[in-house]
Amino acid sequence: MLETLPFEAVLRRFAEDHTYDAEDRTNFNDRAERHLLSARRDMPGRWRRLLLEGPEVGKVVLPWHAGEGGQAELVPATGLTVFEAVDRLAALGAFYERSNPLCSLKIARQRRAAPLPLFLSTRPVSGPDHDSLTTRQGLIHLDGLHRMLAWATSGRLVPGRWFEAYVAGPWHGDEPCRGGPSPCGPESP
């Protein structure tokens with residue numbers, strides 16, 4: 001863990017990296033910001049800024065994603081890990097790119113973009129994107145779905161590569177977390 005931060009500092013960092021451009025049809029930062037606000041409400045307290053190794057990022061659970069209004073649903077309402085979503089992308093192949101051009105464009109852009117931090121939680125937040133997730137504890141996506149998919153499909157989620165993340169919710173050693181599965185993990189007493 002690099003540091004703990006109040007929510008206001010996390011939101012400032014999010015705003016610095018996610019400027020809203022109403023003219024950019026790929027810009028959905030308002031939805032991501034709503035996820036962060038839900039995390040503040042559902043899991044009050046300090047956030048953690050930390051580094052995740054590539055394979056850990058691949059295990060982040062993604063919530064429902066209909067592919068930016070395309071014809072093919074990428075992630076069902078029950079959720080998939082990043083690695084599972086990449087397998088689904090590969091299985092859908094060129095059909096996904098044709099039927100979901102906006103989502104495909106966002107993934108392609110992120111392959112070329114400088115890496116930005118991820119925003120995650122240790123439990124699903126309230127709201128329609130997370131309500132049906134079957135995973136109720138772990139690392140859960142709030143912002144960064146297209147980044148993580150781009151990193152995975154370009155071979156970056158490997159041991160020894162590290163990615164910055166801001167995480168809301170109980171963590172190793174936190175009282176509500178003790179004895180639970182990762183990220184509360186075996187390290188907690």
Would you say that [X] contacts [Y] through its side chain, given a criterion of any heavy-atom pair below 4.5 Å between the two side chains?
X: Val60; Y: Thr81; value: no
X: Leu11; Y: Glu33; value: yes
X: Leu5; Y: Tyr166; value: yes
X: Met43; Y: Arg123; value: yes
X: Pro124; Y: Asp131; value: no

Check your understanding: Which salt bridge (charged side-chain N to carboxylate O under 4.0 Å, His left out) pairs, counting each pair once, include a residue from residues 79-94, with sequence neighbours left out?
Key ->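 As it turns out, there is no salt bridge (charged side-chain N to carboxylate O under 4.0 Å, His left out) pair with a partner in residues 79-94 once direct neighbours are skipped.
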
Exercise for review: Starting from the C-alpha separation in whole Å, work towards a yes-or-no answer on salt bridge (charged side-chain N to carboxylate O under 4.0 Å, His left out) for Glu164 and Arg49.
Suggested key: CA-CA 7 Å; Glu164 183 181 15; Arg49 180 174 158 254; 2.6 Å; yes

Do [X] and [Y] share a hydrophobic cluster, counting only Ile, Leu, Val, Met, Phe, Trp and Tyr and linking them when any side-chain heavy atoms are less than 4.5 Å apart?
X: Phe95; Y: Leu89; answer: yes
X: Leu51; Y: Val57; answer: no
X: Leu145; Y: Leu92; answer: yes
X: Phe119; Y: Val61; answer: no
X: Leu133; Y: Val75; answer: no

Heavy-atom pair of closest approach, residues [X] and [Y]:
X: Leu120; Y: Ala165; answer: CD1-CB, 4.1 Å
X: Ser126; Y: Ser38; answer: O-OG, 3.5 Å
X: Leu149; Y: Ala85; answer: CD2-CB, 3.8 Å
X: Gly169; Y: Arg48; answer: O-NH1, 3.4 Å
X: Arg147; Y: Pro117; answer: NH2-O, 2.8 Å
X: Pro76; Y: Leu74; answer: CD-O, 4.0 Å

Euclidean distance, [Y] [atom2] relative to [X] [atom1], rounded to 0.5 Å:
X: Ser132; Y: Trp64; atom1: OG; atom2: CH2; result: 10.5 Å
X: Trp47; Y: Thr4; atom1: CH2; atom2: OG1; result: 13.0 Å
X: Leu36; Y: Phe14; atom1: CG; atom2: CZ; result: 6.0 Å

Without swapping roles, check the side chain of [X] against the backbone of [Y] for a donor-acceptor pair under 3.5 Å.
X: Thr135; Y: Gln137; result: no
X: Asp143; Y: Ala32; result: no
X: His35; Y: His130; result: no
X: Arg111; Y: Ile107; result: no

**Study point:** Pair Ser154-Arg156, side-chain donor/acceptor within less than 3.5 Å
**Key:**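 Distance-only check passes for Ser154 and Arg156.
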
Check your understanding: With a 3.5 Å cut-off and no angle check, do the side chains of Gln110 and Trp151 form a donor-acceptor pair?
Key -> no

Point to revise | Option passing side chain to side chain contact (heavy atoms under 4.5 Å, CB included) with Val167 (candidates Leu139, Leu142, Ile140) | key: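 For Val167, the side chain to side chain contact (heavy atoms under 4.5 Å, CB included) test succeeds with only one of Leu139, Leu142, Ile140, which is Leu139.
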
Review point. Would His65 and His146 count as a close aromatic pair, with their ring centres under 6.0 Å?
Key: yes

Review point. Run the side-chain contact (heavy atoms from CB on, under 4.5 Å) check on His141 and Met148 step by step: do they pass?
Key: CA-CA 10 Å; His141 161 276; Met148 290 185 281; 3.8 Å; yes

Review point. Can Val82 and Leu62 be said to form a side-chain contact (heavy atoms from CB on, under 4.5 Å), step by step?
Key: CA-CA 6 Å; Val82 172; Leu62 303 174; 4.0 Å; yes

